[in-house]
Peer 1: 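Before I ask anything, here is the structure I am working with.
Position 1 is the first residue of the sequence; numbering continues from there.
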Amino acid sequence: MLGGGWRGEQALAIGVCAALVAEDLRDGLLLAVNHTGDSDSTGAICGNILGAIHGTAAIPAEWLAELELRDVIERLAGDALAEFGYTPPDWGDRYPAW
């Protein structure tokens, strides 16, 4: 009834529905992606909603263990938080300009 997620409103409906009925992040993501439609979009929407609600602590440890470039992702996320804080650091050493 919600469609396959191939259109924006369908992907949003599936992602939100999965997030609303999920017992936890794993359950919601598996529900959002296990259909024959546009599962990457519906999973991304559901994951963003559940991530905003539960934070990174809700990500299953075995998923994090297999995450390629995890250290880079965590460093970039931390840098993004610092950049948009009250006193952003000078990034010249870490991110040199041409």
Side-chain angles (χ1 to χ4, degrees):
M1 292 251 191
L2 297 177
W6 300 110
R7 298 172 49 121
E9 68 275 8
Q10 295 173 358
L12 180 62
I14 293 168
V16 169
C17 277
L20 286 172
V21 301
E23 293 179 17
D24 55 22
L25 186 124
R26 176 197 306 266
D27 181 54
L29 286 175
L30 291 175
L31 180 60
V33 301
N34 284 314
H35 60 89
T36 58
D38 190 9
S39 57
D40 60 329
S41 295
T42 57
I45 292 167
C46 179
N48 275 279
I49 294 168
L50 292 174
I53 293 169
H54 301 291
T56 57
I59 302 172
E62 65 270 17
W63 290 5
L64 290 173
E66 298 294 322
L67 182 60
E68 186 176 1
L69 297 172
R70 178 181 177 188
D71 59 328
V72 174
I73 293 168
E74 288 178 344
R75 182 173 359 119
L76 287 171
D79 289 353
L81 286 172
E83 176 63 23
F84 296 105
Y86 291 110
T87 54
D90 178 11
W91 298 112
D93 291 336
R94 188 176 294 184
Y95 302 105
W98 304 105

Peer 1: Is there a path of hydrophobic side-chain contacts, each under 4.5 Å between heavy atoms, that joins Tyr95 and Leu69?
Peer 2: yes
Peer 1: May I ask whether Leu12 and Ile53 are part of the same hydrophobic cluster, defined by side-chain heavy atoms of I, L, V, M, F, W, Y residues being less than 4.5 angstrom apart, directly or through others?
Peer 2: yes
Peer 1: If I take atom CG from residue Leu76 and atom CD from residue Glu83, how far apart are they, to the nearest 0.5 angstrom?
Peer 2: 12.5 Å
Peer 1: What I'd like to find out is whether the side chain of Arg75 reaches to under 4.5 Å of the side chain of Arg70, using heavy atoms alone.
Peer 2: no
Peer 1: Taking Leu20 as the starting point, is it possible to reach Ile45 by hopping between hydrophobic residues whose side chains are less than 4.5 Å apart?
Peer 2: yes
Peer 1: What pair of heavy atoms forms the shortest contact from Thr42 to His35, and how long is it?
Peer 2: OG1-NE2, 3.0 Å
Peer 1: Does Leu25 reach the side chain of Trp63, with side-chain heavy atoms less than 4.5 Å apart?
Peer 2: yes
Peer 1: So does Glu9 have more than 12 non-hydrogen atoms from other groups sitting under 6.0 Å from CD?
Peer 2: yes
Peer 1: Can you tell me how far the CD atom of Gln10 sits from the CG atom of Asp38, to the nearest 0.5 Å?
Peer 2: 9.5 Å
Peer 1: Looking only at non-hydrogen atoms, find the nearest pair between Ala19 and Ile49 and report the distance.
Peer 2: CB-CG2, 3.7 Å
Peer 1: Same cluster or not: Leu50 versus Ile59, using hydrophobic residues (I, L, V, M, F, W, Y) connected whenever any side-chain heavy atoms lie under 4.5 Å apart?
Peer 2: yes
Peer 1: For residues Gly15 and Cys46, report the shortest heavy-atom separation together with the two atoms involved.
Peer 2: O-CB, 3.6 Å
Peer 1: Can you tell me if Glu62 has over 12 outside heavy atoms packed within less than 6.0 Å of its CD?
Peer 2: yes
Peer 1: Side-chain contact, heavy-atom cut-off 4.5 Å: Leu64 with Pro60?
Peer 2: no
Peer 1: Looking at every non-hydrogen atom in both residues, tell me the closest pair between Trp6 and Gly37 and how far apart they are.
Peer 2: CZ2-C, 3.5 Å
Peer 1: Any side-chain to backbone donor/acceptor pair from Ser39 onto Asn34? Under 3.5 Å, distance only.
Peer 2: no
Peer 1: When you look at Val33 and Asp40, which way does the side chain to side chain contact (heavy atoms under 4.5 Å, CB included) test go after all the steps?
Peer 2: CA-CA 7 Å; Val33 301; Asp40 60 329; over 6 Å; no
Peer 1: CG of Leu31 to CD of Glu23: how many Å apart, nearest 0.5 Å?
Peer 2: 10.5 Å
